[in-house]
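Counting starts at 1 for both ligands and their atoms, in listed order.
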Amino acid sequence: MIMSPLNYSGNKSKIIKTLINLFPKDIKNFVDVFCGSGIVGLNVEFENLILNDKEKHIINLLKYFQNNSLDYILSQINQIIIKYKLTDSKSKPKGFYKIYKNEGLSRYNKEGFLKLRKSYNKSPSEIKLFVLILFGFNYFIRFNSQGLFNVPVGKTDFSVSQYKKSVAFIQALQNKNIKLLNLDFRYNKLYKNGDFFYFDPPYLITEATYNASWNEKDEKDLYDILDSINSKNKKFALSNVLESNGKSNDFLKYWSKKYTIIPIDRQYTNANYRRKNLGKTQEVLIINY
Ligand SMILES: C[S@@+](CC[C@H](N)C(=O)[O-])C[C@H]1O[C@@H](n2cnc3c(N)ncnc32)[C@H](O)[C@@H]1O
């Protein structure tokens, strides 16, 4: 299993095995239209993969991982950690840093993190952004209306487990036949050569920063694209929720009647840490094969 070091909000890592078991077995050209962290596409067997997302920071970061050697990327991370005096638990003996209750490593890292954030907002680079994500609160990737990264310091650092995840993830991006695109899902180019399309769009009725800009028009445009894929006898799978926290997506319930609806059983835990206390979520995979 390849996991993403990005721990992207709404990522599918908890249900990846379930999803893959439900996907067709003979995929040649796989298109992950709303790829986010990229982990769904990266864990599927394919000959060619397209990872697409409208969020340019994420696609630029994935491109950076694809186009630079692993040693170079790791040395760049290390240089930033040293320059901004951030913690390096991976290279230090256990117990070297005192872990404060509820604060983790944030006391050590706050000052350096804020300096790095300032530097990134003045002159952005992919590697600075990656270190900000690693050391930022809950690995959030969030920008304010002026486009400035505004996540506060987090509790963790580039730990042994994050290091291992990052290495495997970068290697997967480099070793496989993968094209990265930064397009809105409505672009025809995405649908030209694929034979299986996976859609994990923002959900109309749940919370996530990227859901705020998703509206009923986007939702209906998406259904049109799925219907058009179906009419060309190509296969798709759509992840979504029919109900969540007392809300119901009635458009989706109505539209999906003509396809196969598979309930996905899981407890969201770190995908959305607040959801634990909220109402039930009815997650589904809608397929046309
Ligand atoms: C639920 S997340 C995908 C998570 C991903 N499957 C994973 O496991 O990490 C939805 C993604 O859709 C992207 N997105 C939102 N609007 C879009 C659009 N109009 N076209 C393409 N991507 C879009 C967001 O940037 C976000 O990354």
Classify the contact between Phe34 and ligand 1 as side chain, backbone, both or neither, using a heavy-atom distance cut-off of under 4.0 Å. both
Angle class for the Tyr100/Tyr108 ring planes (parallel below 30°, perpendicular above 60°, tilted otherwise)? tilted
Parallel, tilted or perpendicular, judged at 30° and 60°: which one describes the rings of Trp255 and Tyr259? tilted
For Leu242, does its backbone N or O pair with a side-chain atom of Asn249 as donor and acceptor, under 3.5 Å? no
Tell me whether Asn52 contacts the main-chain N or O of Leu183 through its side chain, where contact means a donor paired with an acceptor under 3.5 Å. yes
Before accepting this row, confirm whether a basic side-chain N of the pair [X]/[Y] lies closer than 4.0 Å to the acidic partner's carboxylate O.
X	Y	result
Lys12	Asp200	yes
Lys63	Glu126	no
Glu243	Lys247	no

Less than 3.5 Å between some nitrogen or oxygen of [X] and one of ligand 1, yes or no?
X	result
Lys12	yes
Phe185	yes
Asp184	yes
Asn11	no
Trp214	no

With a sphere of 6.0 Å drawn around CG of Asn193, does it hold more than 12 non-hydrogen atoms of other residues, nucleotides or ligands? no
Provide the number and element of each atom of ligand 1 under 4.0 Å from a heavy atom of [X].
X	result
Ile39	8 (O)
Ser37	7 (C), 8 (O), 9 (O)
Glu55	25 (O)
Cys35	5 (C), 6 (N), 7 (C), 9 (O)

Yes or no: does Leu183 have any heavy atom under 4.0 Å from an atom of ligand 1? yes
